[in-house]
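Note: hydrogens, waters and symmetry copies are ignored here, and every other heavy atom, side chains too, is used.
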Amino acid sequence: MTLKKKIHTVGALAALVALSAAAYWWQLRPAAGLSSQAKPSEGQAASPSSQGKGPGNADSKTPNAGKPSGPIPVEVGTVELLALPEDAQTVGTLKARQSALLKPEVSGRIVKLGFTDGQRVRQGQVLVQLDDSLQAAQLQQAEAQASIARSNLKRNKELLAQSFVSASAVDQAQAALDVAEAQVSLARAQQGRMQVRAPFDGVMGIRSVSVGDYVKDGSDLVSIEDASSMWVDFRLPERSVPRLKVGQPVEVTLDALPGRSFKAQIEALDTQLEANGRSLLVRARLPANAPGSGELRSGLFARVSVLLSTHQNALLVPEEALVPQGGQQYLIKLSGDASAPTAQRIEAKLGLRVPGKVEILSGLKAGDRVVTAGQAKLMRGEGQALKIVDVDKQGAARAGLAGKGAAASTSAASAASR
């Protein structure tokens, strides 16, 4: 039984090897046939083209190999001369000219509110009155004691004139009066602390207390703001600090009021930079009579642009004209005759950037033309002949032809329908 299994195993292996060899031969058979067909016969003559080619006539050896046969088509742009402003962009926050969160100095129960939410109030106006019955009684007691001390002083002075008392008695009476008047002042001050008054002219916020509430000293009562003029606080990096000064113009835009901008001026610079971000806090003032300033609110998110300087006679080229190579930027300038321009490669020294354009510091003048498309073939050398392609005109021509073709098709269709 074991011998029989071994015979079957050997037979299966032999069949598998035979099948693999047949498959391998079948895959190689077409390639071998093709290679045999591709070989020329021994007596077959070479083709005239093959006879004409020799070591001295190889295409790679021709003098004009690799060079374009005609002008290279390119698109061009013109160098513009403009006054280019240099500004610093940042974000900030609007703040009112004066703002305060009112809190009581002592604890007590509110007995009266002297304002309504959103009301405009005057400086010194009583806004919150706490229960001051105890302080009022203490004031009356102090005033009564002061009245007694005043009468005693007057009587002692009369007796001194008649030599019935000594001068020291008058001095003691005077000291007693001074103490009594100080007690009056103290009682009056304690009573005054039971009132919360407006520290300046402004508009009240929304109160967080009501009559009858018991508040502790330092509790939040209500906010007041003087929004007659607004500030915008923002930070600028340390590289911009040397070019900042008081009175510098600032342009402010708000996400809450899209499409509108406000003019401001720098009013103050902080004395030191922030250690973490190496930035300087700057405060600019918006004029009180600025159009739309009544819509401004404290805490609004602001986008700020500070004008640092203006580059007069700046030369600008389209960004598409720049060709990066080896860590540097290059331009292809058109030189020679305007009817037959040639390429001249120059290294670009970049200045400021604006959307779609970049300032070039040297190598160009106003009115020069630079290549904006098709620079790839021009970076291999200089002096190539160029053919200027006007993409706009070509597009207009194609659109005109397409329109004429559509009109012709419409006419033919209408004629066929008749």
Side-chain angles (χ1 to χ4, degrees), residues 91-140 142 184-235 252-258 260 262 264 267-268 270 281-304:
V91 296
T93 304
L94 286 189
K95 290 188 176 182
R97 176 177 174 269
Q98 295 184 93
S99 178
L101 180 59
L102 302 183
K103 301 179 181 182
E105 298 183 37
V106 295
S107 302
R109 182 174 55 86
I110 299 176
V111 295
K112 182 180 179 181
L113 293 175
F115 69 96
T116 57
D117 295 344
Q119 177 185 351
R120 181 172 292 278
V121 296
R122 306 291 296 178
Q123 182 179 5
Q125 180 178 337
V126 178
L127 304 176
V128 180
Q129 175 67 59
L130 301 179
D131 184 10
D132 63 345
S133 55
L134 178 61
Q135 287 75 15
Q138 291 175 346
L139 176 61
Q140 289 180 356
V184 172
S185 299
L186 177 61
R188 187 175 289 114
Q190 289 177 343
Q191 186 183 26
R193 296 177 68 184
M194 307 304 291
Q195 295 177 340
V196 179
R197 297 177 179 268
F200 46 79
D201 296 349
V203 178
M204 302 303 300
I206 298 177
R207 57 187 171 88
S208 55
V209 293
S210 299
V211 174
D213 286 345
Y214 182 86
V215 294
K216 294 185 177 181
D217 54 320
S219 301
D220 296 344
L221 299 180
V222 65
S223 61
I224 180 173
E225 283 193 353
D226 175 13
S228 57
S229 62
M230 300 294 293
W231 287 332
V232 54
D233 288 352
F234 55 93
R235 291 186 175 273
V252 180
T253 58
L254 305 172
D255 290 357
L257 301 173
R260 300 172 60 180
F262 300 87
E267 186 176 78
D270 203 356
L281 179 62
V282 183
R283 172 167 289 178
R285 178 186 291 274
L286 281 76
N289 57 354
S293 58
E295 305 176 28
L296 303 182
R297 295 290 183 271
S298 295
L300 286 179
F301 177 80
R303 301 184 186 275
V304 182

**Message:** Looking at Glu105 and Arg193, is there a salt bridge between them, counting it only when a charged N and a carboxylate O are closer than 4.0 Å?
**Reply:** yes

**Prompt:** Do Val121 and Ile224 come close enough that some side-chain heavy atom pair is under 4.5 Å?
**Reply:** yes

**Asked** Taking the side chain as C-beta and beyond, is there a heavy-atom pair between Val282 and Val304 under 4.5 Å?
**Response** no

**Fill in**
CZ (Arg283) and CH2 (Trp231) are apart, to the nearest 0.5 Å, by 4.5 Å

**Request:** List the steps and the verdict of side-chain contact (heavy atoms from CB on, under 4.5 Å) for Val91 and Phe301.
**Result:** CA-CA 7 Å; Val91 296; Phe301 177 80; 3.5 Å; yes

**Request:** Taking the side chain as every heavy atom from C-beta outward, state whether Val232 and Phe262 have any pair of such atoms under 4.5 Å apart.
**Result:** no

**Any donor-acceptor N/O pair, Ser298 side chain to Ala96 backbone, under 3.5 Å** = yes

**Request:** Any chance you could measure Leu186, atom CG, to Gln191, atom CD, to the nearest 0.5 Å?
**Result:** 12.0 Å

Using a 3.5 Å cut-off and no angle test, enumerate the donor-acceptor pairs between side-chain atoms of residues 106-116 and protein atoms at least two apart in sequence or in another chain.
residue, atom, partner, partner atom, Å
Ser107, OG, Asp217, N, 3.2
Ser107, OG, Asp217, OD1, 3.4
Thr116, OG1, Gln119, OE1, 3.3

**Request:** For side-chain contact (heavy atoms from CB on, under 4.5 Å), just list the numbers for Val196 and Val222, CA-CA rounded to whole Å, side-chain angles, deciding distance to a tenth of an Å, and then say yes or no.
**Result:** CA-CA 10 Å; Val196 179; Val222 65; over 6 Å; no

**Prompt:** Sequence neighbours excluded, which residues qualify as side-chain contact (heavy atoms from CB on, under 4.5 Å) partners of Thr93?
**Reply:** none

**Euclidean distance, Asp132 CG relative to Gln190 CD, rounded to 0.5 Å** = 11.5 Å

**Asked** What distance do Arg188 atom CZ and Leu139 atom CG have between them, rounded to the nearest 0.5 Å?
**Response** 5.5 Å

**Asked** Going by atom types only, do Arg260 and Thr253 share a side-chain donor-acceptor pair under 3.5 Å?
**Response** no

**Request:** Kindly say whether Lys216 contributes a backbone atom to a donor-acceptor pair with the side chain of Ser219 at under 3.5 angstrom?
**Result:** yes

**Complete:** Smallest heavy-atom separation, Val252 atom then Ala264 atom, equals CG2-CB, 4.4 Å

**Item:** Pairwise side-chain contact, Met194 with Asp131, heavy-atom cut-off 4.5 Å (strictly under)
**Value:** no

**Item:** Considering all heavy atoms, the nearest Arg297-Met230 contact
**Value:** C-CE, 3.9 Å

For residues 197-211, which side-chain N or O atoms pair as donor and acceptor with protein atoms under 3.5 Å away, sequence neighbours left out?
residue, atom, partner, partner atom, Å
Arg197, NE, Gln195, OE1, 3.4
Arg197, NH1, Gly124, O, 2.9
Arg197, NH2, Gln195, OE1, 2.7
Asp201, OD1, Gln123, N, 2.6
Arg207, NH1, Val209, O, 2.7
Arg207, NH1, Ser210, OG, 3.3
Ser208, OG, Asp220, O, 3.2
Ser208, OG, Leu221, O, 3.0

**Complete:** d(Asp255 CG, Leu300 CG) to nearest 0.5 Å is 9.5 Å

**Prompt:** Can you tell me if Asp213 uses its side chain to pair, donor with acceptor, with the backbone of Val215 under 3.5 Å?
**Reply:** no

